[in-house]
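Okay, structure first, notes after.
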Protein chains: 2
Amino acid sequence: MAVLGHIVTEYVSSVIPVSSKTVAMKMGGDVSSATVRNIMADLEEKGFIAQPHTSAGRIPTDRGYRRYVDMLRRNLHQQKAEAERLANEYHQRVNTVKDVIEKASYLISHELHNAGLAMLPAIQNFYLKRLELVKVRAQTVMAVLVTVTNAVRNYIIELDREIDQKELERISNFLNSSFEHRLMLDIRQSLKGIISGNREEDREALSMADMALNLVDGIIRDGIENEIYIDGLDFFAEEPEFKDLDTARRMMQVFSRRSELVDLFRGELPDRGLRVYIGGENSSELLKDCSLITCGYSWEGKAVGRIGVIGPRRMDYYNALRTVSCLADIISGKLEELS
Amino acid sequence: MAVLGHIVTEYVSSVIPVSSKTVAMKMGGDVSSATVRNIMADLEEKGFIAQPHTSAGRIPTDRGYRRYVDMLRRNLHQQKAEAERLANEYHQRVNTVKDVIEKASYLISHELHNAGLAMLPAIQNFYLKRLELVKVRAQTVMAVLVTVTNAVRNYIIELDREIDQKELERISNFLNSSFEHRLMLDIRQSLKGIISGNREEDREALSMADMALNLVDGIIRDGIENEIYIDGLDFFAEEPEFKDLDTARRMMQVFSRRSELVDLFRGELPDRGLRVYIGGENSSELLKDCSLITCGYSWEGKAVGRIGVIGPRRMDYYNALRTVSCLADIISGKLEELS
DNA sequence: TTTAGCACTCAAGGATATTGAGTGCTAAAT
DNA sequence: ATTTAGCACTCAATATCCTTGAGTGCTAAA
C-alpha cells in the first residue's frame, strides 16, 4: 500500500499522472520500476488508481483517495507546535462569536489555500436569556433574542394570522419566565410536549403554547440564513483544474448558492467528528470534482456548529485534516472563554 | 456616430469583431462597406475602436463604450411597463430593509444576467430612536441601536480605556434624551461641536461628549462591514471572456474581496445619481475588464445607499442603465413605505 | 464624396510528422 | 516464486506546414 501513498502524494503536488519510475525513485531505489508496474496493475484492478490514457502514468481514483485518507487518519496526531501557532492567531481582538467564526474561515482558507467555511453556532443551541417580541405589521413579528452570553440577534417572523402586541407580550412573558437559561431546542420540545399533553382542558394555555411554538420555529427558520462565512474563493482560480471550463463553471455555482453550502453543514450538525467527502462521495452533484472536509465545534459541551474546507479532489489531505480538526478544538475553547 | 453605435451593439451581442460589411448591412444598405471602412478608419484614429489584428473587424475601446453610453444617456427614459413589472416583483413578502435590499441584488443579477450588488443603508443615515450600551468586557462595549423605523442592529465597539456600566448608562441617557429622532451623522457633528466649543468650563460634560463621540464613531465603523449583498456571481461563468484564465482569476478575486466592493460603493455614497465606470475607468486594477453601473437610492429624502451591477465591459448598457436606475427608484419608494 | 476592384495580411483550422514518456509482456536472473 | 532487464507498442502532446477566407487599405473610376 506504500505505492498508493506515493502515487497520491506525488500527484497531489505535481498534478501530472505518476509513472512507475517516479514511484520506484520515491521508494528509495530498492525496487525496480518493473516491480512497481506489477503492483500498479494490481491497484488498478482493485480500482484505486486509473490511467487517463494508455501511455500515461496513474492517477488516484475516488476510491484510491478514500483508502489513502483512511490510512492517514489512523496515524494522525495533533502536533503541539502547529496547534499553538494557530491558537496564537487568535490573540488579536476576537470579542464576539461572530469574530471567532469569521476568523476561522479566514484561517482555514489561508492555511490550506482553498475555500474555508465556517458556520455560526446554530440558533437551536443558544441558551435563552431574554426574548422581546414586537409587532411590526399585521402578520409580522420581530423577535429580539438575548442569549446567556449576551449575544443579541433579531429575527423576522411571518405568521399565518394577525396578532396584537398585548398577546405578544403575554407570550414573551410566558417564555421568559418559564424558559430562562434553557436551550432553544429544549424550549421547542417542551412547547410541543405542552401542546400534545393538553387535552382541551385549558384552551387559553393551549393557544398560547401553540403561538409560542410558531414563533420559536420562526426564529429558528429565520436564523438559518446568513449563518455561514466563506473565505478564500480566489484560491481556486490558481488551481490547475480551473482550466477546465466545466469545472470552473461548477465551482462558481457552488459558491454562488450559499444555501446549499449551509445545508451541507446543517445535515451533520449534531456531530462533533471530523468528516471527509471525496469527489463523488459528496451529496451534491456540483461538488463531484471537489473534496470537503468538515469538523464540528462545541460550546457548553454540545456540538453547535461546523467548520470546513472545500478544495479540489487533489488536495493535501494530511494538512487539511490536521488544520480543520485542530481549529475546531481551538474554536471550542475560545467559545468557552467568551461565555 | 451611428457607425459607432452599430459596432457596439453588434459586438455586445455577437462577441466577434465587427466588419465594415456587417455595419453596412445594419445601416440598411444605403451605404457601401467601403464607405463604412473610411468612417471606421476615422473612428480608429480618434481612439473609439480598435483592431485585434490586421485582418480582423473592429471592437470598441473603453473610449468607444464611453462615447456610446454618453449618447445613450441623453435619450434614456424610463418605460412604464418595465418599471411596473419590476415593482411587481416586490409584492411578495418584503418586510424589512434587509429584505428590500437583498431582493434588489437578486433582481439586478437575474434581470441583467450579471453580478448584482446592493448595499444596506449606511448607518450614518439612520435616525436614532433608542440606544442601549452594555459593557461586555473591560474595554469592549455592545451597542444596541433602534432606529425610528424599528430596525434593530447591534454593534461591538473597542475602546482605548476601561469604562464602567454606570458611565455607559449616563452616556446612553444623555444621547437618548438629547438626540432622539436625529440622524446619526448629525449626532456625530453635534458632539464634535460640543467638544470644540467647550472651553474647560465643564470638564464632566466634555469627558462625556468625548466618550460618546468615541462610541458613535465605533458604531459607524462596525456598521460598515457586511453591509453589502451580492448575487449572480455564477452568471460570469457563462460569459465568453471567462475563457481567458487571467480574466477569470481576476473576477474571482473581485468577488472574494467584499471589502473592496464595499469601498467602491461607499466612495460615492452621498450621491443619488446614476454612474457608469467602463473598464479602465474603474479605480481598482482588478476591475479593468469590467464595467460597473451604480445608482443611489434614497430614504427620507436623503441618498443613503447604492445598488449596482458588475459585468464584462461588453455589456448591454441600455438595459443595465434602465434597470439599475429604475430599481433604485422602486427601492426608494419601498423604504418610504416601511417607515 | 462615394464606391468598385484588387492586392495583401493574418488568425484559425486542418493535416501530417515527430517525439518521448510510459506501459505490458516475456524471458532470464535471483 | 519474485524480481528485473529488455523490447515492442501506444498515444497525447507538440511542432510544422498548408490552406482558407474574412477583412482591411489603397487606388482609381464614378
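In the text below, chain A, chain B and the rest are named by the order of the sequence lines, each starting its count at 1.
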[X], nearest nucleotide to its side chain (from [options]):
| X | options | answer |
| --- | --- | --- |
| B/Val31 | D/dA5, C/dT3, C/dT23 | C/dT3 |
| B/Thr35 | C/dT2, D/dA22, D/dT10 | C/dT2 |
| B/Ser19 | D/dG23, C/dG22, D/dC11 | D/dG23 |
| A/Thr54 | D/dA22, D/dA5, D/dC11 | D/dC11 |

#### Entry: Nucleic acid contacts - residues 36-52 of chain B versus DNA chain C, non-hydrogen atoms under 4.0 Å
B/Arg37, B/Asn38
Salt-bridge criterion met for [X] and [Y] (N-O under 4.0 Å):
| X | Y | value |
| --- | --- | --- |
| A/Arg66 | A/Asp70 | yes |
| B/Glu10 | B/Arg58 | no |
| B/Glu285 | B/Arg250 | no |
| A/Arg272 | A/Asp329 | yes |
| B/Arg313 | B/Glu241 | no |

Tell me the interatomic distance from [X], atom [atom1], to [N], atom [atom2], rounded to whole angstroms.
| X | N | atom1 | atom2 | result |
| --- | --- | --- | --- | --- |
| A/Glu10 | C/dG22 | CD | P | 11 Å |
| A/Lys21 | D/dG6 | NZ | C1' | 15 Å |
| A/Arg58 | C/dG22 | CZ | P | 12 Å |
| B/Ile59 | D/dT24 | CD1 | P | 13 Å |
| B/Ile16 | D/dG21 | CD1 | C1' | 14 Å |

### Summary
Between B/His53 and A/Ala34, the residue closer to the 5' end of DNA chain C by nearest nucleotide is B/His53
### Query
Which is true for A/Ser20 with a 4.0 Å heavy-atom rule: it touches a base, it touches only sugar-phosphate, or it touches nothing?
sugar-phosphate
### Query
Is there a donor-acceptor contact under 3.5 Å from the side chain of B/Asn282 to the main chain of B/Ser284?
no
### Query
Is there a donor-acceptor contact under 3.5 Å from the side chain of B/Ser33 to the main chain of B/Ala24?
no
### Closest non-hydrogen atom pair, B/Ala320 against B/Ile293
CB-CD1, 3.5 Å
### Message
I'd like to know whether B/Arg85 forms a salt bridge (Lys or Arg N to Asp or Glu O under 4.0 Å) with B/Glu111, so could you lay out the CA-CA distance, the side-chain angles of the two residues, the decisive distance to 0.1 Å, and finally the verdict.
### Response
CA-CA 11 Å; B/Arg85 193 175 59 75; B/Glu111 284 290 319; 2.9 Å; yes
### Residue-phosphate contact under 4.0 Å: B/Ser55 side-chain N/O, C/dC10 OP1/OP2
no
#### Entry: Nucleotide-level pairing of DNA chain D, given in dot-bracket where Watson-Crick and G-U pairs need both distances under 3.5 Å and | marks other strands
||||||||||||||||||||||||||||||
